[in-house]
Visitor: 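Before I ask anything, here is the structure I am working with.
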Amino acid sequence: MITFIIIAIAVASCSSSTDNTANTDLSQKKNNELIVAQVGSKSIDLQSLKSFSASIPTGMIEGNTEREKTLQVLRSLIDKEVLLLEANSLSLDSDTAFQDELTVFHRNRLLELYTKLVIVDQVFISDADLDAHYRATDRHRALRYNGIMLENKAEAEKLLQKILAGEDFMELAKGHSLHRESGDQGGDVGGYHLKDSVHPAIADQLFKLSVGGTTEPISLMFKGKPHHAVFQVSDEMPVALSASERKVQEEVFGIKRAERYTILLDSLKNVYKPVIQDAAVDWIVENAAKERDDPFAVTSQWGDEPLCILQNGSITIELFLKTARQMHTGQHELADRERLQYLISEIVIPANLFETEARLLSLHEDENLISRVEMKREDLLLNALREKFVDSNITASDEEAKNFYTANPVKFTSPLTTEIAEVLVQSDTLAQRLFEEISNDAKIDSIAKLHTIREGAAHHDGKLSISNYTKAYYKDIFDPAQNNQVGKVVGPMKVPLGYSIFKVLDRKQEIVPYNASTIRRAKAYVRIDKSRRGYVSFVQTLRKKYGVEVYGDRLETTL
C-alpha cells in the first residue's frame, strides 16, 4: 500500500510538472501574440517587437529603464511600419533597378548557401597537408643573408658573374654596395628572417636557394629610386610550423576550396552539358557595338534564342542580358568577344548550374535565407522612399555652408597629426647604432636621407605625417608616434620591413581653411542635417495618414 502511494505521488508529480510546463508554454505563446500597437491595418504583436529589438545593437537603444528602452524600440518599429505601408502602396518595388538589386542579393545569398554546403564544409585539412605546404613554401627555415645594392641591372649582372666565378661575396659587398650600413658588414642584413617577413621580391628567389646560393638581380626601390640588388644565403636554421601555421592553413584551405570548386563545376558540366551558341554570341557582340541607349534591350525575335543550350533547358539571350545588366556589365564588355566569352563560360554558366542545383536541394526555401531577403527588400523600400520624398528635394546653398562652417569649427578641425622623422633599416645592429647616434643629437634628417629604406621617404629626409588619415600606411608605428612626447627618440622597433627609429618633431591640430574642399564638406553636413529633419517630419506625416495606436496597458503587463 505504501509502495502504491509513493508511485501515485511520483506519477502525479510528473504529471503536474508536465502540466506546468505546458501551461507556461501556452501562456508564453499567448503573451507573444498580444497586440501592443496598431499601425493602420498592420498589427504589431509582442513577438514582432522582441524580434525587432533583437536586431538593434544594444548600444543604439536609448533609455534609462527597461520600460523607456522598450518604448523607444516600439516607436522605431512603428516608424518602420508606416514607412513600409507607404512604400508598398506606391509599388516602389516594381522599379527595374530595385528588382535587379534584390534579385542579385537573393542569388548571391543562395549561392553562398550552396557553396558552403558542397564546397566549404567539405574541405578537410590534415596535419600532413599543412606540413607539406609549410615545406613546399619554404617556411620550414629562417635565412641569414647578405646583399649588394647597385645602381642598375647591368652593374648587378656584372657583379653576379664575378660571384659565380668564385669571388668572395662579402668582399664585393664592402667594395660595391650602395647600401653602406650592410655593405660595411660584408652585405650582412643581420639576424635570421622568416619568409613572410622578407620583401616578397627578395623572398621569392632567396628561399628557393641553399646556403651559398645567389639570386639573380632583383629590382628594388632604394632612397626613392629604382635600383638592383643580388643576395646570397649565408646560413639557415629550422623553424617550427607554429611560426606560420595560420598563414599556411589559410593558403591550404584556399587551394583545397579552389580544387573542390573545379571538380564540382566539371562534374556539373558533364551532367548539364552546356553548349554556347556562336550565332547568339555574334548577335550580342554586334548589338552591343551599336550606339544604343539601352544595350541590354533585346527584340522578341532574338530574346528567346538560346545563348547556351543545357541538358535541362537553355540560357536565352534575354536571360543573359538581364543577368549582365544586374551585374552592371559595361556595353564595351558585351562588344568585346573575348570578354563576353569569359562572362558566359566563367560566370553566367557556373552560376546558373549552381543555382539549379541549389534549388534541387530546396536551399531557396531556407528560412534564414527567406528572412534575409525580406529584410533586404524592406531596406531597399525604405531607402527608395526616403530618396523619392526627402533626399531628392534637399539642396544646400553657399550661404548655408558658410554658416555651418562658422558655427561648427570642431567638424573642420584636422585630426591630431604628429610629425616625425624616421629611419627604417633592415639590420637590428645598424638600428641600435643609429638610435644611439640620434639620441646623442646627431641630425636624424641627414641619417634618414642616407639610410632609410621606407619607399618615398628618403627625399623627404624621412619625415612622415602620422594621423588617422595615414594610419593604414603606418599602423606599426602609429600608436608610439601619437603617444610619445615631442622631442622623444623612439626605437628601435621591429616592423615588417625591418627596424624603425624615429624622433617626434611636432604635434598639431588645426582648423582647415574655408576653401573648395571644406565648402563641399559643409554642404554635405547641411544636406545630412536637412535630410534627418525632413525624414522625421515625413514620418510624422505618415503616422497621421495611417493612424497609430499604442496599447500601453498591454505593454505594461509584459514588462
Visitor: Salt bridge (charged side-chain N to carboxylate O under 4.0 Å, His left out) for D131 and R135? Distances and angles first, verdict last.
Guide: CA-CA 6 Å; D131 186 72; R135 295 182 184 281; 3.2 Å; yes
Visitor: Only distances under 3.5 Å count here; give the side-chain donor-acceptor pairs of residues 312-323 to other protein atoms, sequence neighbours excluded, each with its distance to 0.1 Å.
Guide:
from, atom 1, to, atom 2, distance (Å)
T316, OG1, L319, N, 3.0
T323, OG1, L319, O, 2.9

Visitor: List the residues meeting side-chain hydrogen bond (donor to acceptor under 3.5 Å, both in side chains) with Y272, not counting sequence neighbours, and say none if there are none.
Guide: E357
Visitor: Is the side chain of Q205 donor-acceptor paired with the backbone N or O of E216 at a distance under 3.5 Å, no angle test?
Guide: yes
Visitor: How close do T329 and F296 get, heavy atom to heavy atom, and via which atoms?
Guide: O-CZ, 3.1 Å
Visitor: CG of L310 to SG of C308: how many Å apart, nearest 0.5 Å?
Guide: 4.5 Å
Visitor: Do you know the tightest heavy-atom contact between D476 and M493?
Guide: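 Reported closest heavy-atom pair: O-CE, 3.3 Å.
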Visitor: May I ask you to check whether over 12 heavy atoms, not counting those of K494, lie within 6.0 Å of atom NZ?
Guide: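 More than 12 heavy atoms, drawn from other residues, nucleotides or ligands, come within 6.0 Å of this atom.
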Visitor: Show, in sequence, the C-alpha distance, side-chain angles and deciding distance for I44 and L77, and conclude whether the side chain to side chain contact (heavy atoms under 4.5 Å, CB included) test is met.
Guide: CA-CA 9 Å; I44 298 176; L77 180 54; 3.5 Å; yes
Visitor: Please name all residues satisfying side-chain hydrogen bond (donor to acceptor under 3.5 Å, both in side chains) with K471, sequence neighbours left out, ordered by chain then number.
Guide: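 Expected list: none.
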Visitor: Distance alone, cut at 3.5 Å: any donor-acceptor contact between the side chains of S267 and N270?
Guide: no
Visitor: Between Q38 and V550 (side chain of the first, backbone of the second, donor and acceptor by atom type, cut-off under 3.5 Å), is there such a pair?
Guide: no
Visitor: Judged by atom type as modelled, is there a donor-acceptor pair below 3.5 Å linking the side chain of S531 to the main-chain atoms of R527?
Guide: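 It does not hold such a pair.
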Visitor: Closest heavy-atom contact between V239 and R141?
Guide: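 Reported closest heavy-atom pair: CG2-C, 3.6 Å.
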Visitor: Evaluate the side chain to side chain contact (heavy atoms under 4.5 Å, CB included) criterion for residues V252 and L130: first the C-alpha distance (whole Å), next the side-chain angles of each, then the deciding distance (0.1 Å), finally the verdict.
Guide: CA-CA 7 Å; V252 172; L130 294 176; 4.3 Å; yes
Visitor: Surrounding OH of Y473 (heavy atoms of other residues, nucleotides or ligands, distance under 6.0 Å), is the total greater than 12?
Guide: no
Visitor: Tell me, please, which residues at least two apart from R454 pass side-chain hydrogen bond (donor to acceptor under 3.5 Å, both in side chains).
Guide: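 Partners of R454 under the side-chain hydrogen bond (donor to acceptor under 3.5 Å, both in side chains) test: E422.
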Visitor: Check whether NZ of the Lys or CZ of the Arg R386 lies under 6.0 Å from the centre of the six-membered ring of F538 and within 45 degrees of that ring's axis.
Guide: no
Visitor: Would the distance check show the side chain of S371 and the main-chain N or O of E367 forming a donor-acceptor pair, the cut-off being under 3.5 Å?
Guide: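 Not confirmed, S371 side chain does not pair with E367 backbone.
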Visitor: Is there a salt bridge (charged side-chain N to carboxylate O under 4.0 Å, His left out) between R377 and E101? Walk through the geometry before answering.
Guide: CA-CA 9 Å; R377 177 183 173 278; E101 189 168 352; over 6 Å; no
Visitor: Do E81 and Y546 get their side chains close enough for a donor-acceptor pair, meaning under 3.5 Å?
Guide: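 Short answer, no.
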Visitor: When you measure from the side chain of Q277 to the backbone of V275, do you find a donor-acceptor pair of N or O atoms at a distance under 3.5 Å?
Guide: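 Yes, Q277 side chain to V275 backbone: donor-acceptor pair under 3.5 Å.
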Visitor: Below 4.0 angstrom, N of the basic side chain to O of the carboxylate: do R139 and D196 qualify?
Guide: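 Salt bridge: yes.
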Visitor: Determine whether L92 and L385 satisfy the following criterion, side chain to side chain contact (heavy atoms under 4.5 Å, CB included), listing intermediate values before the conclusion.
Guide: CA-CA 8 Å; L92 294 179; L385 189 67; 3.9 Å; yes
Visitor: Check whether Q331 reaches the backbone of P295 with its side chain - one donor and one acceptor, N or O, closer than 3.5 Å.
Guide: no
Visitor: Working note: Y261 + F354, criterion ring pair (Phe, Tyr, Trp, His ring centres under 6.0 Å); need CA distance, chi angles, decisive distance, verdict.
Guide: CA-CA 11 Å; Y261 175 90; F354 286 178; 5.5 Å; yes
Visitor: Examine the side chains of E387 and S392 and answer whether a donor and an acceptor come within less than 3.5 Å of each other.
Guide: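 Side-chain D/A pair, E387 to S392: absent.
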Visitor: Can you name the side-chain hydrogen bond (donor to acceptor under 3.5 Å, both in side chains) partners of Q326, sequence neighbours left out?
Guide: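 Here the qualifying residues are D100, R107.
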Visitor: Answer yes or no on whether R109 is positioned over the face of F105, meaning its NZ or CZ is under 6.0 Å from the six-membered ring centre and within 45° of the axis.
Guide: yes
Visitor: Counting only heavy atoms from other residues, nucleotides and ligands, does the tally under 6.0 Å from NZ of K153 exceed 12?
Guide: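 12 or below, so no.
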Visitor: What I want to check is whether the side chains of D129 and S126 have a donor and an acceptor closer together than 3.5 Å.
Guide: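 A pair is found: one side chain offers a donor N or O, the other an acceptor, under 3.5 Å apart.
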Visitor: Per the side chain to side chain contact (heavy atoms under 4.5 Å, CB included) rule, which among E333, H332, E338 passes with D336?
Guide: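 Of all the options given, the one that passes is E338.
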Visitor: Answer yes or no: is there a donor N or O on one side and an acceptor on the other, between the side chain of N287 and the main chain of W283, under 3.5 Å?
Guide: no
Visitor: Would you check if the side chain of R260 reaches a backbone N or O of V118 as a donor-acceptor pair within less than 3.5 Å?
Guide: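 Here the side-chain-to-backbone pair exists.
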Visitor: Could you tell me whether the side chain of S219 and the main chain of H228 form a donor-acceptor pair under 3.5 Å?
Guide: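 Pair absent, no side-chain N/O of S219 close to backbone of H228.
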Visitor: Measure across A351 and L111 and return the closest heavy-atom pair with its distance rounded to 0.1 Å.
Guide: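 Distance-wise, the nearest heavy atoms are O-CD2, 4.0 Å.
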Visitor: Using side chain to side chain contact (heavy atoms under 4.5 Å, CB included), reason through V281 and L307 one step at a time and then give a plain yes or no.
Guide: CA-CA 7 Å; V281 173; L307 171 63; 3.9 Å; yes
Visitor: Please determine whether a side-chain nitrogen of the Lys or Arg among K116 and E112 lies less than 4.0 Å from a carboxylate oxygen of the Asp or Glu.
Guide: no
Visitor: Run the salt bridge (charged side-chain N to carboxylate O under 4.0 Å, His left out) check on E365 and R359 step by step: do they pass?
Guide: CA-CA 8 Å; E365 298 174 358; R359 291 182 179 276; over 6 Å; no
Visitor: In terms of ring plane angle, is the pair H140 and Y134 parallel, tilted or perpendicular, where the classes change at 30° and 60°?
Guide: perpendicular
Visitor: What closest approach, in Å, do T395 and K530 show between heavy atoms, and which atom pair accounts for it?
Guide: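 For T395 versus K530, the nearest heavy atoms are O-NZ, 2.8 Å.
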Visitor: Hey, could you give me each pair passing salt bridge (charged side-chain N to carboxylate O under 4.0 Å, His left out) that has a residue in residues 264-287? Not counting sequence neighbours.
Guide: D282-R337
Visitor: Has the side chain of S345 got a donor or acceptor atom that lies under 3.5 Å from a matching backbone atom of Q341?
Guide: yes
Visitor: V390 and G534: which non-hydrogen atoms are nearest, and at how many Å?
Guide: CG1-C, 4.0 Å
